[in-house]
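Here is the naming used below: chain letters follow the sequence lines, and residue numbers restart at 1 for every chain.
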Amino acid sequence: MTDERLALLYPGSAVELCALAHSGPFQLLVATILSAQCTDERVNRTTPALFARFPTAETLASADVAEVEALIRSTGFFRTKARNLVAMATVLVERFDGRVPEDLTELVTLPGVGRKTANVVRSVAFGLPGLPVDTHVLRVSRRLGLTERTDPVGVESDLDRLVPARRRGVFSLRLILHGRATCRARRPRCRGCAFGDFCPSTSMAESCNRCD
DNA sequence: ATCCCGAGGG
DNA sequence: CCCTCTGGAT
């Protein structure tokens with residue numbers, strides 16, 4: 001089973017695998033919005049100053065968008081992200097009593113929050129069933145032959161069938177770690193991959209001069 | 001399908 | 001120069 005082998009390769013719980021898992025639902029939500037098209041390392045370098053200035057939904061809701069822009073500029077897409085962050089915090093205050101909702105359909109009503117971000121919050125912050133499908137999860141699960149589909153929602157439903165509800169969050173985090181370290185988008189390191197005997201894409205990689 | 005957008009690697 | 005990085009909204 002792919003699940004168990006991944007657990008051996010990348011041991012640890014969600015708290016250990018996600019740097020901001022301990023910081024509460026609101027800060028995790030903010031960090032996840034910032035993480036779009038941005039390395040998590042840069043997000044982790046950005047959030048301390050942001051949370052020192054705006055630690056709660058209430059403070060962020062009344063923030064000056066230009067000040068938020070300045071604080072998050074290095075994460076890219078900073079105008080969109082800053083506008084979404086303030087709007088998101090405003091909706092939290094006005095419609096959710098300043099708290100992050102647990103329900104998926106409620107989460108995706110928040111500005112800047114799509115299905116992937118909503119599943120991150122659900123699984124990491126609340127320990128609820130949720131399997132975030134990002135670019136890594138999509139690519140790696142397809143290469144491993146866990147799904148044939150190309151749309152994130154379809155991939156999510158296929159993976160839901162393969163992984164028990166309680167393990168879906170960490171399963172996603174482990175696929176991401178594997179996608180970053182080994183099953184990279186451009187030059188996958190198939191030679192050193194622990195799934196070499198199992199992965200249907202490895203045979204193609206053998207004759208591929210782009211693979212390490 | 002396209003736009004948003006900075007930073008770092010090759 | 002090129003590409004990629006835990007997406008979401010239009």
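The nearest whole Å value for the distance from the CG atom in A/Leu85 to the P atom in C/dA9 is 12 Å. Rounding to whole angstrom units, CG of residue A/Leu34 and C1' of C/dC5 are separated by 14 Å. The CG-C1' distance, from A/Asn119 to C/dT6, rounds to 12 Å in whole Å. Rounded to whole Å, the distance from CG on A/Leu71 to P on B/dG6 is 16 Å. A/Asp40 has its CG atom 18 Å from the P atom of C/dT4, to the nearest Å. Rounded to whole Å, the distance from CG on A/Leu177 to C1' on C/dT6 is 10 Å. The nearest whole Å value for the distance from the CD atom in A/Glu69 to the P atom in B/dG6 is 11 Å. Between the NZ atom of A/Lys81 and the P atom of B/dC5 there is a distance of 10 Å, rounded to whole Å.
The A/Arg73 side chain lies nearest to B/dG6 when the options are B/dC4, C/dC5, B/dG6. The A/Gln37 side chain lies nearest to C/dG7 when the options are B/dG6, C/dG7, C/dC3.
Residue-level contact check: A/Thr75 touches neither bases nor backbone, having no heavy atom under 4.0 Å from any strand. Among the heavy atoms of the strands, none lies under 4.0 Å from A/Ile33. At the heavy-atom level, A/Arg180 lies under 4.0 Å from base atoms of the strands shown. Among the heavy atoms of the strands lying under 4.0 Å from A/Leu110 are primed sugar atoms or P, OP1, OP2 only; no base atom is included. Among the protein residues, A/Val43 comes within range of no part of the nucleic acid, since none of its heavy atoms lies under 4.0 Å from any strand. A/Thr117 comes within 4.0 angstrom of the backbone, heavy atoms only, and of no base.
Counting non-hydrogen atoms of neighbouring residues, nucleotides and ligands closer than 6.0 angstrom, the CZ atom of A/Arg99 reaches no more than 12 such neighbours. Within 6.0 Å of the CD atom in A/Glu4, the count of heavy atoms belonging to other residues, nucleotides or ligands exceeds 12.
Annotation: proximity of residues 127-157 of chain A to DNA chain B (heavy atom, distance under 4.0 Å) is found for no residue.
C/dT6 and B/dC3 are spaced 24 Å apart, taking the P atom of each and rounding to whole Å. Remark: the separation of the P atoms in B/dA7 and C/dG8 is 22 Å, to the nearest Å.
Ion pairing between a basic and an acidic side chain is recognised when a charged N comes within 4.0 Å of a carboxylate O; A/Glu69 and A/Arg73 show no such pairing. Ion pairing between A/Asp3 and A/Arg168 fails under the 4.0 Å rule for side-chain N and carboxylate O. Using a cutoff of 4.0 Å between basic side-chain nitrogens and carboxylate oxygens, A/Asp40 and A/Arg45 are not scored as salt-bridged.
Counting only N and O atoms by type, the side chains of A/Thr109 and A/Glu106 include no donor and acceptor under 3.5 Å apart. Side-chain atoms of A/Thr32 and A/Ser35 include no donor-acceptor pair closer than 3.5 Å.
Within the 4.5 Å cutoff, the side chain of A/Leu107 has no heavy atoms near those of the A/Asn119 side chain. Side-chain contact between A/Cys183 and A/Cys193 is absent, with no heavy atoms from C-beta onward closer than 4.5 Å.
Aromatic stacking is not marked for A/Phe77 over B/dC5, as the cut-offs of 5.5 Å for the centres and 30° for the planes do not both hold. You cannot call A/Phe78 stacked on the base of B/dG6; the centres under 5.5 Å and planes under 30° rule is not satisfied.
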Pull out every protein N or O sitting under 3.5 Å from an N or O of nucleotides 8-10 of chain B, one pair per line with the distance.
{"residue": "B/dG8", "atom": "OP1", "partner": "A/Arg42", "partner atom": "NH2", "Å": "2.9"}

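In this structure A/Phe195 satisfies the ring pair (Phe, Tyr, Trp, His ring centres under 6.0 Å) test together with A/His178, sequence neighbours excluded.
The side chain of A/Thr80 places an N or O atom within less than 4.0 Å of a non-bridging phosphate oxygen (OP1 or OP2) of B/dC5. Between A/Arg79 and B/dC5 there is a side-chain polar atom (N or O) within less than 4.0 angstrom of OP1 or OP2.
Once rounded to the nearest 0.5 Å, the distance linking OG of A/Ser141 with CG of A/Leu159 reads 5.0 Å.
Mapping A/Gly112 and A/Val120 onto DNA chain C by nearest heavy atom places A/Val120 at the nucleotide closer to the 5' end.
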